[in-house]
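A quick write-up on the structure given underneath.
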Amino acid sequence: MIKKITIDQLELGMFVHQILEQKGALTVKSQGRVTSNDVIKTLKKRGVKTLAIDTDKAFIVDQKVPSSKASEELPSASDNKYKSKKVSLENELVKAVKLHEQGKAIQKLLLENVQKETPFDASIPKAFSNKLVESVDRNPDALLCLTKIREKDDYLLEHSLNVAILLANFGSYLGMSEEEVQDLSYAGFLHDLGKIKIPDDILHKPGRLTDSEMEIMKGHVKHGVDYLNETDIAPLLIQTISEHHERLDGLGYPAGKKGKDISQAGRMLAIADMYDALTADRVYKAGMSSQKAFSILISDAPSRLDQSLVMQFIKCLGVYPVGSLVLLSNEKLAMVVEQKDSPLTPLVKVFYSVRNSHYLTPKDIDLSVDKAISIAKAVVASDYKIDVNAFFERSVSIG
C-alpha cells in the first residue's frame, strides 16, 4: 500500500516510493530503500518534506551494512531513470519527428487564437505536452535532437516547443514527479503566446531595441498572462509563465520579483527560455553554440539566475548536447546523437569533411571506444555554410 508520510516519520526499513515535496534543487531519486540513518539524513539535508512509502516493500535492516553503501541507495539525479533509455534513438525518432511537427501546428493555432482573442481548448496543448514527456521518458535524446533542427522563419513556433522539450528533460533529470514534469513542459509550451501581440518590426528587429521598443517587447508577458487568465489554465501554471523574465536581483519583468519570491518552476523556465533563445537561428543572425550559451547562463548566476539550477541544467544537457555539432580531431564534422558516461566522449554521427568540403556517408562513432578520435571544439552549421537540416532529414530521421 502507498502511504504518505512526513520526513520526520521516515524510519529504517521503509521503502521510498516517491518524493512528494522538496525544497531547493531536486536531486533525489524517486525510489529507494532506507537502509541506514545516513539515508534519512541525506533526504533531510536535500530539503525533502513529504514522501510516499510502499508498505508492501518494507524490509528488515541489516545493521552491518556499511553506511557509505547505504547512502548510495538514493543517488543523485545524474544516476536516475533519466539515463535509462527504454527504446532506441532510431525508434523514438520516428515518433518524435511526427510529434515535433504536431507541436508546431498546435503552437500556430494557439497563436492565432491569442491574436484574435478567441478561446482555445486547453486539453489539446495539455495532451500534447504530456506526449512530449512520454517521449522523453522513452528516450530523451530523440526530441533533444529535434531542438537543433530549426527553420529560421519559424522561430516563434519552434521556440516555445523547444523550451517545452528542454523543460521535460530538465524536470525528468532532476527527478521531479511525472505530474510536475508535465506541468513544467506545459508552461514552456504556453510561455510566449503573448509575443503574437508584439508588432513584427519590433519582434523581428535585428538590432538592439530602443528603450521605448523594449517596453513594448516586455508587454508580451502581460499579454500572454491576461489571455491565459481568461481560460481554465491552472493559476500556478500561469504564475510560472508570468515569471520567465523575472530575475533574482529584482531587475527582471513584469513584476520585478526577486529572490525567493520567484518559484522554482519560474526559475527553470527562465533558464530554458534564455538558452534556447541564445542558440536559435534567426532570419537576421545565426544561433551561438551551446558552450557559449552555457557561459552566458553561468555569468548571469547567481545574481540573476539560480546558480544551482543553471549547473544542473548544464549537467542535464551535457558538455556537448545531443543534436549539437562538433569538429573532430580528424577534421570531420559530426552531430552528437547520444550521451555516454563521460561527458567528453559522446556517440556522434560523422557526416562532413572540412578538409575536402563535402558531405560523407554518415557513420556512427562512439568516442568513448575510439580513442584515436576526439572532439576539437563545438561548432555551429553557419561556420561552414552547411545545411544541417537536410543532413538530419536524410541521415538521422527515419520515416
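Quantities reported herein were computed from a predicted structural model and do not represent experimental measurements.
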In terms of heavy-atom contacts, does [atom1] of [X] have more than 12 from other residues, nucleotides or ligands at under 6.0 Å?
X	atom1	value
K218	NZ	yes
K131	NZ	no
K363	NZ	no
D341	CG	no
E213	CD	yes

Within the distance-only criterion (no hydrogens, no angle test), does the side chain of [X] pair as donor or acceptor with the backbone N or O of [Y] below 3.5 angstrom?
X	Y	value
D281	A286	no
H220	M217	yes
S185	L167	no
Q339	L317	yes
D383	V380	yes
S172	N169	no
R282	G287	no
K126	S129	no

Modelled atom types, side-chain donor and acceptor of [X] and [Y], under 3.5 Å:
X	Y	answer
S135	E92	yes
S308	D306	no
S290	Y275	yes
K257	S242	no
S263	E243	yes
T118	N113	yes
S123	D121	yes

Got [X] and [Y] here, is their nearest side-chain heavy-atom distance under 4.5 Å?
X	Y	answer
F351	L360	no
T50	I5	no
R247	L305	yes
H100	N162	yes
S289	F294	no
T279	T147	no
K205	T210	yes
I365	L347	no

Please round to the nearest 0.5 Å and tell me the distance separating atom [atom1] of [X] and atom [atom2] of [Y].
X	Y	atom1	atom2	result
M311	I271	CE	CD1	11.0 Å
Q102	I124	CD	CD1	9.5 Å
K95	K98	NZ	NZ	9.5 Å
Y173	Q312	OH	CD	5.5 Å
E117	Q115	CD	CD	8.5 Å
Y253	E215	OH	CD	9.5 Å

State, to 0.1 Å, how close [X] and [Y] come at their nearest heavy-atom pair, and which atoms those are.
X	Y	result
G252	E246	C-OE1, 3.8 Å
S303	L248	O-CB, 3.5 Å
L193	L111	O-CD2, 3.7 Å
I386	L325	CD1-CD1, 4.4 Å
V221	I241	CG1-O, 4.4 Å
P343	V319	CB-CG2, 3.8 Å

Could you go step by step and tell me if S368 and D366 meet the side-chain hydrogen bond (donor to acceptor under 3.5 Å, both in side chains) rule? CA-CA 5 Å; S368 66; D366 187 341; 2.5 Å; yes
Check against side-chain contact (heavy atoms from CB on, under 4.5 Å), V326 and L333: CA-CA 6 Å; V326 292; L333 294 184; over 6 Å; no
With the 4.5 Å side-chain cut-off for hydrophobic clustering, are [X] and [Y] part of the same group?
X	Y	result
V225	I262	no
L157	F189	yes
L236	M268	no
L20	L174	no
L228	L109	no

Step-by-step side-chain contact (heavy atoms from CB on, under 4.5 Å) determination, D300 to L297: CA-CA 5 Å; D300 267 9; L297 292 178; 5.9 Å; no
Under the criterion side-chain hydrogen bond (donor to acceptor under 3.5 Å, both in side chains), I'd like the reasoning laid out for S88 against N91: C-alpha separation, chi angles, the key distance, then a yes or no. CA-CA 5 Å; S88 69; N91 287 339; 3.2 Å; yes
Please test D387 against Y359 for side-chain contact (heavy atoms from CB on, under 4.5 Å), starting from the C-alpha separation and ending with a verdict. CA-CA 10 Å; D387 185 355; Y359 288 91; 4.2 Å; yes
Going through the distances and angles, do K44 and D8 end up as a salt bridge (Lys or Arg N to Asp or Glu O under 4.0 Å)? CA-CA 9 Å; K44 287 182 177 180; D8 291 330; 3.8 Å; yes
Is there a salt bridge (Lys or Arg N to Asp or Glu O under 4.0 Å) between D192 and K195 once you walk through the steps? CA-CA 6 Å; D192 254 357; K195 277 190 175 175; 3.3 Å; yes
Mind checking whether H191 and H159 have ring centres under 6.0 Å apart?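 Yes; H159 has its ring centre under 6.0 Å from that of H191.
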Taking the six-membered ring where the residue is Trp, are the ring centres of Y186 and F128 under 6.0 Å apart?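 Distance test on ring centres: not under 6.0 Å, no.
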Please, which pairs that meet side chain to side chain donor-acceptor pair (under 3.5 Å) have at least one residue in residues 229-238, sequence neighbours excluded?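 For residues 229-238, and leaving out neighbouring residues, there are no side chain to side chain donor-acceptor pair (under 3.5 Å) pairs at all.
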Carefully, step by step, assess I296 and M288 under the rule side-chain contact (heavy atoms from CB on, under 4.5 Å). CA-CA 11 Å; I296 292 175; M288 65 179 63; 3.8 Å; yes
